[in-house]
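Worksheet: the structure to be examined is printed underneath.
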Amino acid sequence: MEPKKEAFPEPNIPQKFLKPYDPKAVEDAIYEMWLGSGYFNPDKLPPRHKEPFSIVLPPPNVTGTLHIGHAAMLVIEDIMVRHKRMKGYKTLWLPGTDHAAIATQAKVEGIIYKEEGKRRQDLGREELLRRVNEFALESHDTIVNQTKKMGASLDWSREAYTLDEKRGKAVFEAFKRMYDDGLIYRGHRIVNWDPKGQTTISDDEIVYAEEKTKFYYFKYGPFTIGTARPETKFGDKYVVMHPKDERYTAYSHGQEIDLEWINGPIKATVIKDESIDMAFGTGVMTITPWHSNVDFDIAERHKLDKEQIIDRYGKLLPIAGEFAGIKISDARKKIVEKLAAKGLLEKEEDYTHNIATAERTGGVIEPQIMNQWFVDVNKKIPARGGKSLKELMLDVIPQGPSHIEFIPDRFERVYSNWISNLRDWCISRQIWFGHRIPVWYKGEELKVSLASPGEGWTQDEDTLDTWFSSGLWTFSTLGWPETTSDLATYHPTAVLETGYDIIFFWVARMILMSQYLMGEVPFKTVYLHGLVRDAKGQKMSKSLGNIIDPLDMAGKYGTDAVRMSLIVGTGPGNDTKMSEDKIRAYKNFANKLWNIARFVLSSTEGETLEPGFKAFSADDEKLTAERRAVMEEISREMDEYKYYLVAEKLYAYAWREFADIILERSKDILAKGSDTEKKSRKQFLLHTLADILKALHPFVPFVTEEIWKDMPVPDKKPLIIETWPI
RNA sequence: GCGCGGUUAGCUCAGUUGGUAGAGCAUCUCAUUGACGUUGAGAGGGUCAUAGGUUCAAGUCCUAUACCGCGCACCA
């Protein structure tokens with residue numbers, strides 16, 4: 001047997017291929033090359049790129065650093081964008097960051113308190129804002145650098161920030177139009193008050209936590225009432241039961257009863273209301289309208305008095321008599337003791353229920369009636385065909401006039417379900433970081449204005465819910481409210497890719513804002529990805545210590561390996577399981593490609609890829625047809641957003657088919673075949689490698705671009721703007 | 001309580017309009033000092049959660065049930 005060395009010489013292939021693929025040595029330089037080429041900016045793409053394709057990046061919060069969930073999002077979107085760019089679209093992927101009002105302020109307040117023992121009041125509005133902005137800027141820089149490290153082909157020349165000046169103008173314009181249309185109003189309504197964060201929050205910012213507590217039964221005159229919250233019962237002077245409850249037919253609606261209560265005798269009024277569940281407890285309850293949604297509704301129906309019991313810090317007010325000034329958490333036990341001493345405690349039971357807590361601060365929500373700003377979701381809007389915001393939001397369901405495709409489609413129902421339960425949106429927040437409400441007061445007068453209307457006017461102290469500004473994101477980033485060519489070209493955007501966990505917060509708000517302000521959908525398709533979990537399927541968290549840092553991994557195994565591991569096995573709407581082993585496996589894949597290139601380049605020395613080359617042998621013809629079939633199949637799946645399948649198929653085709661079978665068999669032909677056979681096979685190898693590199697480029701852009709540099713291709717362009725194989 | 005998703009090889013998951021069960025990893029055996037920070041050839045391993053039903057034919061469609069996960073709504 002003759003030595004293989006003579007059969008497969010490695011003449012003048014670039015030295016770099018003689019060593020394993022080294023991501024560290026190439027990634028930064030390649031990203032710089034892409035940046036320098038300007039191809040991330042659609043205006044600078046070659047003329048063949050005509051039809052626009054646009055995506056806005058869901059702006060990461062400026063609360064610190066990128067985590068693996070961000071990395072997954074970047075990878076999916078970068079795949080979409082690189083694919084479309086290669087297919088000849090005028091592709092825009094627009095970056096930005098989100099000031100994330102409460103989240104960021106809470107984070108900075110936490111740091112300041114920990115390091116200096118100071119609270120926001122100690123610093124004052126101006127100083128706190130200075131500190132938060134400083135933190136935000138630092139986070140921003142970190143996040144941008146990390147994003148670049150992941151290979152994201154974002155158009156940095158269009159970068160936006162939800163709290164920059166341009167977005168401020170958009171927020172003001174949106175607020176003003178909604179105010180003028182009567183969609184924004186101010187009023188005393190029950191809101192979710194977070195005593196810890198000292199602000200209202202929206203219904204969506206509530207998370208429920210299971211709590212084991214006691215359920216108490218108290219004598220209330222002739223009745224027995226059940227409650228888990230004795231501390232709210234001071235002002236209770238209405239006793240409510242179902243009108244059809246046979247146990248209480250002796251009592252009539254409006255009847256007054258004298259009875260002994262916590263701090264002495266009171267006069268209670270009987271109310272009959274159908275919202276009472278006869279099967280729960282004794283079927284009788286007292287109500288606290290100031291601090292409960294349900295009680296508030298009952299009080300509204302019967303025009304009952306409402307009294308505040310608990311203040312904004314979670315302490316009891318003077319109405320509580322001897323308990324005034326005590327925190328509700330401490331008061332409960334004392335009140336129960338007192339009622340027991342008075343002989344009014346009948347019994348207590350163990351009880352499990354869900355309590356509402358604030359997502360960002362963990363504070364227990366205390367409903368309060370407060371004067372706040374709201375968006376009316378039910379008011380008819382003449383300028384929008386007499387539809388309400390709610391109805392405009394429902395226009396995007398499949399049967400609606402402006403359908404938005406949800407992937408996976410089951411989220412369509414989740415979305416419409418949410419809308420039908422939607423209540424007016426409280427948009428004012430008692431925090432300092434964010435867009436300040438553009439409303440000015442002077443005595444009884446009120447003006448909506450960005451700047452002070454003049455002497456003697458003071459601005460509303462509150463800021464807007466952060467989702468108010470993110471709701472404008474698809475068009476505020478394109479220059480709205482000005483009529484820019486970007487807006488005309490790229491809106492509506494093609495796809496919104498984001499996590500299913502913010503479908504209500506963000507996706508729905510964007511649809512609301514765009515339908516109302518633009519009269520069109522913000523995007524045609526919503527692609528929803530899942531959570532990235534650890535190898536056991538657990539959520540990643542600091543306390544579990546199972547966090548996988550994407551940047552660490554990229555440093556260790558290369559960005560391409562991280563990208564592949566995040567996309568394989570990640571269908572839309574499904575959670576992804578992540579492990580270091582998985583990343584390691586794809587590091588080997590990058591190296592495999594590297595060696596495939598080494599073999600192909602060395603064995604086709606002297607050949608140049610001839611476009612449209614026709615195979616000489618039947619075998620080559622067959623293999624070419626097979627390659628085309630693979631490319632057609634994956635192209636179709638790319639259009640169907642099945643990236644997880646494409647990644648796996650290309651992996652299999654490159655490794656199991658091309659390397660294991662085709663390359664092995666080619667050795668013989670290249671050694672012993674006739675000149676035409678050799679030439680045909682060499683052309684086939686070059687064409688196949690070229691197609692593999694192109695098709696894989698959206699997934700593993702660095703290693704493919706690096707190999708591409710040495711491909712003998714005439715009129716070669718950077719791979720990033722090469723044409724898609726099909 | 002209402003709704004959604006999942007249940008397929010030890011693990012992670014594919015399985016397109018119903019037509020004889022697939023991949024990767026892991027395991028085992030063998031080979032390999034020249035494309036390969038290894039790789040290659042091969043093997044074992046599944047009553048597709050359970051019970052019914054529709055059909056010539058069901059992992060796939062229908063109806064229940066169980067378990068796991070998630071979302072929404074919450075009762076004082």
Side-chain angles (χ1 to χ4, degrees), chain A residues 3-10 13 17-22 203-204 206-208 215-218 225-230 232-233 236 239-241 273 275-288 291-295 298 351 353-356 408 410-415 417-418 420-421 500-501 503-504 530-531 533 535-539 565 568-571 573-579 581-582 584-603 633 636-637 640 642 644-645 647-649 651-652 655-656 659-661 663-664 666-667:
Chain A
K4 284 180 184 172
K5 187 167 186 174
E6 284 169 41
F8 310 108
E10 294 201 24
I13 68 156
F17 287 110
L18 299 179
K19 282 184 282 179
Y21 174 59
D22 180 10
D203 292 347
D204 309 290
I206 290 175
V207 288
Y208 291 93
F215 193 78
Y216 304 96
Y217 289 92
F218 297 118
I225 58 158
T227 184
R229 299 202 58 193
T232 64
K233 296 286 148 198
D236 289 11
V239 58
V240 192
M241 61 212 71
D273 192 280
S275 67
I276 300 297
D277 179 357
M278 287 185 268
F280 188 85
T282 57
V284 180
M285 70 173 195
T286 61
I287 57 168
T288 316
H291 300 291
S292 155
N293 280 308
V294 180
D295 295 4
I298 294 173
Y351 184 54
H353 69 153
N354 291 331
I355 52 164
R410 63 186 142 92
F411 285 104
E412 246 151 23
R413 256 175 303 164
V414 177
Y415 169 83
N417 219 342
W418 179 79
S420 41
N421 292 327
Y500 64 71
D501 51 329
I503 181 166
F504 305 139
L531 261 53
R533 297 170 177 278
K536 292 178 202 151
Q538 292 174 303
K539 244 183 187 173
S565 65
V568 172
T570 306
N574 290 336
D575 294 349
T576 317
K577 292 202 180 77
M578 220 19 219
S579 67
D581 283 346
K582 196 171 171 188
R584 200 177 294 123
Y586 289 108
K587 177 191 186 241
N588 291 344
F589 178 58
N591 196 55
K592 186 73 185 180
L593 284 175
W594 194 248
N595 279 293
I596 288 171
R598 169 179 172 175
F599 180 82
V600 171
L601 292 178
S602 67
S603 52
E633 187 181 327
R636 198 175 56 244
E637 286 165 345
E640 292 166 356
K642 293 179 179 166
Y644 60 107
L645 282 183
E648 258 190 295
K649 280 182 185 171
Y651 177 96
W655 198 323
R656 303 275 90 97
D660 287 354
I661 299 174
L663 290 189
E664 289 303 321
S666 299
K667 288 177 181 173

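Just so it is clear: chains get the letters A, B, ... in the order the sequence lines come, proteins before strands, and each one is counted from 1. For the numbers below, each heavy atom of this structure counts, side chains included, while hydrogens, waters and symmetry mates do not.
Across the protein-nucleic acid pair, K667(A) atom NZ and rA35(B) atom C1' stand 6 Å apart, rounded to whole Å. Atom CG in D501(A) sits about 10 Å away from atom P in rC72(B), given to the nearest Å.
Minimum atom distance to the side chain of L663(A) is reached by rA35(B), of the listed rU39(B), rA35(B), rA76(B). For N421(A), counting side-chain heavy atoms from C-beta on, the closest listed nucleotide (rU39(B), rA35(B), rC72(B)) is rC72(B). For R410(A), counting side-chain heavy atoms from C-beta on, the closest listed nucleotide (rA76(B), rC36(B), rC4(B)) is rC4(B). Relative to the side chain of K233(A), the nucleotides rC72(B), rA76(B), rU39(B) differ in distance, and rA76(B) lies closest. For Y644(A), taking side-chain heavy atoms from C-beta onward, the closest of the listed nucleotides rA73(B), rG15(B), rG5(B) is rG15(B). You'll find that the side chain of N588(A) is closest to rU39(B), out of rC75(B), rC72(B), rU39(B).
If you check every strand for non-hydrogen atoms under 4.0 Å, E664(A) touches a base. Residue D277(A) is classed as a base contact, given a heavy-atom separation below 4.0 Å to a base. D660(A) comes within contact range of the sugar-phosphate backbone alone, with a heavy-atom separation under 4.0 Å but no base atom that close. Among the atoms of the strands shown, base atoms are found under 4.0 Å from some heavy atom of I596(A). Using a 4.0 Å heavy-atom cutoff across all strands shown, A659(A) reaches at least one base atom of the nucleic acid. Residue contacts shown for V294(A) are limited to sugar-phosphate atoms, with no base heavy atom under 4.0 Å away.
Under the 30°/60° scheme for interplanar angles, the aromatic rings of Y216(A) and F218(A) are found to lie parallel.
A donor-acceptor pair under 3.5 Å links the side-chain atoms of W594(A) to the main chain of K19(A), judged by distance alone. In this structure, the side chain of N591(A) does not engage the main chain of K587(A) through any donor-acceptor pair within 3.5 Å. At least one donor-acceptor pair closer than 3.5 Å links the side chain of S602(A) to the backbone N or O of R598(A).
Nearest heavy-atom pair across A228(A) and H353(A) is CB-CE1, 4.4 Å.
Distance check on atom C1': rG42(B) versus rC48(B) gives 26 Å, rounded to whole Å. Look at the C1' atom in both rU55(B) and rG19(B): the space between them is 12 Å, to the nearest Å. On the P atoms, rG6(B) is 12 Å away from rC13(B), given to the nearest whole Å. As rounded to the nearest Å, rG59(B) and rA49(B) have P atoms that lie 10 Å from one another. Of the C1' atoms belonging to rC28(B) and rU20(B), the separation is 28 Å, rounded to the nearest Å. Taking atom C1' on both rU39(B) and rG34(B), the two are 12 Å apart, rounded to the nearest angstrom. On the P atoms, rG10(B) is 15 Å away from rU27(B), given to the nearest whole Å. Taking atom C1' on both nucleotides, rA9(B) is separated from rG24(B) by 12 Å, rounded to a whole Å.
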Problem set entry | From CA spacing to verdict: side chain to side chain contact (heavy atoms under 4.5 Å, CB included), Y21(A), N595(A) | CA-CA 8 Å; Y21(A) 174 59; N595(A) 279 293; over 6 Å; no
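In terms of phosphate contacts, N574(A) brings a side-chain nitrogen or oxygen within less than 4.0 Å of OP1 or OP2 of rA14(B). For H353(A), a side-chain nitrogen or oxygen approaches OP1 or OP2 of rA76(B) to under 4.0 Å. Residue R598(A) places none of its side-chain N or O atoms closer than 4.0 Å to OP1 or OP2 of rG34(B). For rA23(B), neither phosphate oxygen OP1 nor OP2 lies less than 4.0 angstrom from any side-chain nitrogen or oxygen of R656(A). For the OP1/OP2 pair of rU39(B) and a distance below 4.0 Å, the side-chain nitrogens and oxygens of W655(A) include no atom meeting the criterion.
Distance CE/M578(A) to CG/L531(A): 14.0 Å, rounded to 0.5 Å.
With a cut-off of 3.5 Å on both Watson-Crick or G-U wobble distances, the partner of rA43(B) is given as rU27(B). With both pairing distances under 3.5 Å, rU60(B) is matched to nothing as a Watson-Crick or G-U wobble pair. rC4(B): Watson-Crick or G-U partner is rG69(B), with both key distances under 3.5 Å.
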